S.K.: 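The structure that follows is given in the form of C-alpha cells.
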Amino acid sequence: MIDPHHEAVLIRNRQTGVFEDETRKVSRYEIQHARIGIVFAKGNKVFPYGPDRVQILRRPVRRNLADSDRVEVDGSIWETATETATFTSAGGAWCRVFYRTRAGEAYRTYPASQVRVVTSGTAIPLVSDVVRYWRTIVSRLEHDDPLRPGYDRLTFVHPESILSSYLTGAPIESKLLDTAPIFPFRSNLSQRKAVENALTRSISIIEGPPGTGKTETILNLIANIVAVQHRTVGIVSSGNAAVDNVRDKLDELGFGHLLGNLGRKEKREEFFAAQATRNASVTQFLAGAPQPPNLAELADLDRRLRGLQEDERIRADRRQALDAHRLELRHFKDHLQQEQLPELDGLPLLQRSADRIMDYLAESQVELAGARPGLVRRIRNYFRYGSLRALDPADTDVVLRLQLAYYTKRIAELEGEIELVEARLRRANFDRISRRHQQLSTQFLHVELADRYRKLGRTAYDADTYRSGRVFTSFIADYPALLSTCHSLRASISDGYLLDYLIIDEASQVNLLLAGLAMSCARNVVVVGDQKQLAPIAIEAAADLVPPMPAYDCRRHNLLSSLSELYGDALPSALLREHYRCDPVIIGFCNKKFYDGELIPYTTGGAERPMIVVRTVEGNHMRRHHDGGRSNQREVDVIAQEVIRDHCRGVADSDIGVTTPYRRQADKTKDVLDQLEADTIHRFQGRQKQVVIMTTVLDETWPGRTGLPFVDDPQMINVAVSRAIRRFILVTNNDLMPTSRHIQDLVGYIRYHHPDEEVVDSAVVSVFDLLYAAYSQRLRPLAARLRKELKYPSEDIVWTVLHDLFSEQRYAHMTAIPQVLLKNLLPDLDRLTLRQVEYVSRRASLDFVVYNRVTNQPLLAIEVDGFAYHENDPEQLKRDAIKNEILRMHDMPLLRLPTTGSGEQQRIREALTSAESHWARRSAK
C-alpha cells in the first residue's frame, strides 16, 4: 500500500471534474511513458490513467499536533486529529488530516484552504488558570448538574472565540457598518444605539430596565445579523423563558422558520419532529415574498424618523417633568396654605420666564452674601429682570412668592413645549412615517430571507447526525439563528464551530460558569440584562477558591458585572431609556431609586391611585417555620378580605399577581387565593401583571428583623415594583418596617405621591427637589464672584465631600442641595418667638440640606462655620443660636462643621447614620 504519511494519489472524477483522494485504495502505481498505471488493492486490477487525471504528490510538510492544537476543517474542530500532512502541486495545495477512530488511525484529504491548525487559548497562562479555576468549581457540583458535561468537553478554547478575548482581557474590537441597520420591529433612539453598538463591537452591553423594549431590540438585532450581514447568531439565556419570548415574537411576524429551537433534550426532539411543518411554511413564505423595497425611500424615512424620534423623546421627557412639577407645586401650595404672600402687582419680573425668575433668586442670594453688583451689572440686570425697586430680596415672603411664580411659569412653559412638539409630530405625520419605515424594513427582511431559502433545499435533518461537519454547514445555512440555553449551546452545534454572534439575554441571571460555556461558541457577544434586577444565586462551591483575577470571581460576579470590572469605561454600553410598561408613577419609583432618573416613561397615567400602602393592625404576625421559611397569615388575610375587594375591583383574576420574598408565603397565598397567580419575587422576574400585590411578611420582633437583609434587598424591591402595569400595592406590618432602607423609601415615595393619604406627622416638609435643582444649578457658578474671605470656599469643600459620599452604595439614595430657605423646610412658625419669626423672615437659609432623593424627605441640615464669619463674630453667633433653636424645636437634625476642625468626612458619616435612625424612630411612632 502507498504510505499516506508521505504520498498522495489524487484522481479526477470524470463526471464532476474534481480531484478526489484515492490513496487508501491504491496498492502501487507505475509511470510508463506518458501514462500512469494504478494498481488498486482489491483484485490487483490495473487502470491506466493519463497525466491529466492523476496527481502524485510527495514529500509533504508534516505537523504533529501539540496538546493545545486542534485541526479546523470548514469551521469545525476535529477533537481527535493527531497530525496534518500538506502536499503541494502545480494545481494547488492539499492537506491530509489524520485522526483517531475506534479501529485505529484514519485520514481525509481536503484542499489546504479548507484546513488550518489552531492553538487553544488555554496555551496562554491566564486563560488556562481561569478555565482550571472554573473546572475545579464545576467538579464540586452535584453529579447531575448540567454544567458538568459542558466543562468536561471544554478542553479547547478557540483563539478566535469571544471567550478567549474575554479571558485575556483583549481590547474590544471595532468595525464599520457596511449597510444601515433595518428595524422591522418597534424602535426608538436607545434601541437604535444598542443595535449599532452590537453590530460594530466585539463585546457590547444592552442595559434593559423593565419595560424598555428589550425583546424588540433583540429581534431587530437578529434581523440585521441574519438578513443584512448574512451571519449566524445564537440566542441564549440561563433558562428557556427569555428565548421562548423571542421565538414567539418572530413567529407572530412570520419569520419563525429561521430559528433552530434547540437546547435541552425535549426542546430538540420537538424541533426535529416539526421539520415537515416548518419546511412547508418556508415554501409558503417564498410564495408570498414581496418585491424588494425602495432602498432610497427606506434611507430617507430612516433619516426623517431619527429626527422625529428625538421629538418623541422630548415630548415624553417634558410630560414627565410636567407631572413632577405639578406634584411639587401641589406640595408647595399645601406648604403655603397658611401664608399671606405679597402679590407684587406690576412687578416686571413676574412677567419673565421661569429661568429668569430662577436667575434672579440665585443672583440675589449671592448679592446678600456680599457680592454687590457694579454699574454694568446693574444695567444688565435692569434689562434682564425689569425694575426691582419695589422688591426686598431679603424678605422670605417675597422669595416664596417668586418661587410660586417659578412653578406656575415652568408648568405653563412645559405645557407649551409639549403642545409645540406634538404639533411638529402631527405635521410630520410621525405615526405614518414610523409605520412605513417598519413596513419597508420588514419587506427588506422578507426579501433577503427569501433569497436565502431559494438557494436551499427543504431538508429534514436528523437529530443524531446534523452536527457532523458538512451537514452542519447546511443546517446553519437553513437555521442561521439558534435558540438554546447557556448550558446546551455547545452541545447544539458542531464541535468547535464558532457562531458569528452570541446574544445572552437576562444576563444578570447568568453566572460566569454558564457564560463561559456559551461564549466559547461565538466570535462576538451582545450581553443583554439589567444589574438592578436579581442576580444569580452565589456559587458556594467557589467559596474557598481564589480566582486568578477579581473580574473572573464566580461568587462575586455575574457576566454583566464581570465585564464592567474588566473593561470599565471602555465597555460599549447602551441603556434602553424609553419605558413602555408601567404607570409613570410606578416606574418613577424605580427610576429615582435605582436608575438615577435616566428612564423616560412613554406611558401616561391611568389608575387614580397607582401605588398604595396597606398595613396590618398592630401585632406580631410573622411566623418562622421549623423546616425553614417564614409566613404571615395576617397579611394573606388582608389581601384576601380587603385588598382584592377595595383595590382590585374590575380587574380580572388573571391580571392580578401576588409576590413575596418567601416561598412559604407564596404557598399560603395560593391556598387562599387559588384563582390568582402567587409566587416568589425571584420567580416573578420577567413577568408582568396589571396589578401586583407585594406582601413583605416581616414584623418588628427580633426574629422579624433578622430577615430584613433578605426582604429589603434593593434588586428584589426593584423587580417586585416593576412587575406592575397599572397598580402596585404594598402590604406590610403596622410599623411600616421603619428599620428597613429600601422599603422605607418605597413607603415614603408612595406617600409623597398621595399627600391626601395618611402621613406621619412632622413639622418638617419634603424638600422641593425640582425648585432647588434649578436654583442650585445657577447658584454655584455665581458663587465664584464672592470675595475669598467669605464662607463659600469652605462650602465647596463640604459639597465635594458630600458628593464623594453619595457615590458610595451606602449613601446612594441621598443627595444635597445648598442654601435652602428655613421657611421652605419648616413652614410652621406658630411655635416660634417673635425674634425667631423675624429671623426666618429675612431669608434665613441652611448651607446644605441632605435629603432622600427618592422620597424628598430631608434628613440632615449642615452648616459650615468659618472662623471669621461665625466663631469670631458675636452677632453671627447669636444668629447661629437662633437657627439651632428653631431646628431643635422642629426636631430637625443639624451638623455644624467649623472650618477650623478636622475629620469632616467621618463626622458627616456619623451624622447621616444618626439622622436616618432619628427619622426611622419618628416614622415608627
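Everything quoted here is computed from the prediction, not taken from an experiment.
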S.K.: Counting N and O atoms only, with roles assigned by atom type, does the side chain of T706 sit under 3.5 Å from a partner on the main chain of P703, one being a donor and the other an acceptor?
M.R.: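 Yes; judged by distance alone, with no hydrogens or angles, the pair exists.
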
S.K.: Would D397 and K823 count as a side chain to side chain contact (heavy atoms under 4.5 Å, CB included) here? Give the steps.
M.R.: CA-CA 9 Å; D397 286 343; K823 191 65 175 293; 3.4 Å; yes

S.K.: Going by an N to O cut-off under 4.0 Å, is there a salt bridge joining D745 and K593?
M.R.: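 Salt bridge present between D745 and K593.
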
S.K.: How about H335 and F768: are their ring centres within less than 6.0 Å of each other?
M.R.: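 H335 vs F768: aromatic centres under 6.0 Å.
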
S.K.: If we ignore angles and hydrogens, is there a donor and acceptor under 3.5 Å between the side chains of N591 and E598?
M.R.: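 Distance-only check fails for N591 and E598.
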
S.K.: Using modelled atom types only, decide if a donor and an acceptor are shared between the side chain of R842 and the backbone of E838 within a distance under 3.5 Å.
M.R.: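 Side chain of R842 to backbone of E838: no pair is present.
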
S.K.: With no hydrogens and no angle check, is any side-chain donor or acceptor of H621 less than 3.5 Å from a backbone partner on V617?
M.R.: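 Checking the backbone N and O of V617 against the side chain of H621, a donor-acceptor pair under 3.5 Å is found.
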
S.K.: Q819 and S845: side-chain donor and acceptor closer than 3.5 Å?
M.R.: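 A donor-acceptor contact under 3.5 Å links the two side chains.
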
S.K.: Is the count of non-hydrogen atoms from other residues, nucleotides or ligands lying under 6.0 Å from E618 atom CD greater than 12?
M.R.: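 For E618, atom CD is not crowded (no more than 12 foreign heavy atoms under 6.0 Å).
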
S.K.: Is the CD atom of E642 crowded by more than 12 outside heavy atoms at less than 6.0 Å?
M.R.: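 Correct, the count exceeds 12.
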
S.K.: Looking at R555 and E540, is there a salt bridge between them, counting it only when a charged N and a carboxylate O are closer than 4.0 Å?
M.R.: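 So E540 pairs with R555 through a salt bridge.
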
S.K.: Near R810 CZ, under 6.0 Å, is it more than 12 heavy atoms from other residues, nucleotides or ligands?
M.R.: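 Counting other residues, nucleotides and ligands, CZ of R810 exceeds 12 neighbours.
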
S.K.: How are the rings of W799 and H803 set relative to one another: parallel (under 30°), tilted (30 to 60°) or perpendicular (over 60°)?
M.R.: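 Tilted, since the angle between the ring planes falls between 30° and 60°.
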
S.K.: Quiz question: by atom type and distance under 3.5 Å, do the side chains of H625 and S631 form a donor-acceptor pair?
M.R.: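 Yes.
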
S.K.: What about the rings of Y749 and Y752, do their centers lie closer together than 6.0 Å?
M.R.: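 Not under 6.0 Å, so no.
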
S.K.: Indicate whether the side chain of N884 and that of R896 have a donor and an acceptor atom separated by less than 3.5 Å.
M.R.: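 Side-chain D/A pair, N884 to R896: present.
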
S.K.: Q403 and N824: side-chain donor and acceptor closer than 3.5 Å?
M.R.: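 Checked: Q403/N824 side chains pair up, N/O donor to acceptor below 3.5 Å.
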
S.K.: Strictly below 4.0 Å, N to O, side chains only: are R663 and D679 in salt-bridge contact?
M.R.: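 A salt bridge is present here (some side-chain N lies under 4.0 Å from a carboxylate O).
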
S.K.: Could you give me the CA-CA distance, side-chain angles and deciding distance for F728 and I693, then say whether side chain to side chain contact (heavy atoms under 4.5 Å, CB included) is met?
M.R.: CA-CA 6 Å; F728 174 82; I693 304 164; over 6 Å; no

S.K.: Between the side chains of T660 and R630, is a donor N or O closer than 3.5 angstrom to an acceptor N or O?
M.R.: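 Distance-only check fails for T660 and R630.
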
S.K.: When you compare the side chains of Q509 and H682, does any donor N or O come within less than 3.5 Å of an acceptor on the partner?
M.R.: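 No, H682 and Q509 have no side-chain donor paired with an acceptor closer than 3.5 Å.
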
S.K.: Ring pair (Phe, Tyr, Trp, His ring centres under 6.0 Å), that's the test. Do H753 and F589 meet it? Break it down for me.
M.R.: CA-CA 10 Å; H753 277 263; F589 168 75; 9.7 Å; no

S.K.: Does atom CD of E808 have more than 12 heavy-atom neighbours, drawn from other residues, nucleotides or ligands, at distances under 6.0 Å?
M.R.: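 Yes, CD of E808 has more than 12 neighbouring heavy atoms, counting only those of other groups under 6.0 Å.
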
S.K.: With side chain to side chain donor-acceptor pair (under 3.5 Å) as the criterion, how do N852 and K592 come out once you've worked through the C-alpha distance, each side chain's angles and the decisive distance to 0.1 Å?
M.R.: CA-CA 10 Å; N852 184 314; K592 290 189 75 171; over 6 Å; no

S.K.: For Y662, does the six-membered ring have the charged nitrogen or CZ of R664 within the cation-pi criterion, i.e. under 6.0 angstrom from the centroid and within 45° of the normal?
M.R.: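 Not flagged: R664 not positioned over aromatic ring of Y662.
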
S.K.: Heavy-atom count check: over 12 atoms from other residues, nucleotides or ligands less than 6.0 Å from R687 CZ?
M.R.: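 Buried by this count: over 12 neighbours within 6.0 Å.
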
S.K.: For the residue pair E635 and T695, confirm or rule out a side-chain donor-acceptor distance under 3.5 Å.
M.R.: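 On atom types as modelled, these side chains qualify, holding a pair under 3.5 Å.
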
S.K.: Using only heavy-atom distances, determine whether the side chains of N558 and S561 contain a donor-acceptor pair under 3.5 Å.
M.R.: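 N558 vs S561: donor-acceptor pair found between side chains.
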
S.K.: Side chains of R581 and Q688: donor-acceptor distance under 3.5 Å anywhere?
M.R.: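 Yes, Q688 and R581 have a side-chain donor paired with an acceptor closer than 3.5 Å.
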
S.K.: Using side-chain heavy atoms (C-beta onward) and a distance below 4.5 Å, is W919 in contact with L860?
M.R.: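 Not touching, per the 4.5 Å side-chain cut-off.
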
S.K.: Just by distance, do the side chain of S740 and the backbone of Q744 share a donor-acceptor pair under 3.5 Å?
M.R.: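 The answer is yes, because a donor-acceptor pair under 3.5 Å joins these two groups.
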
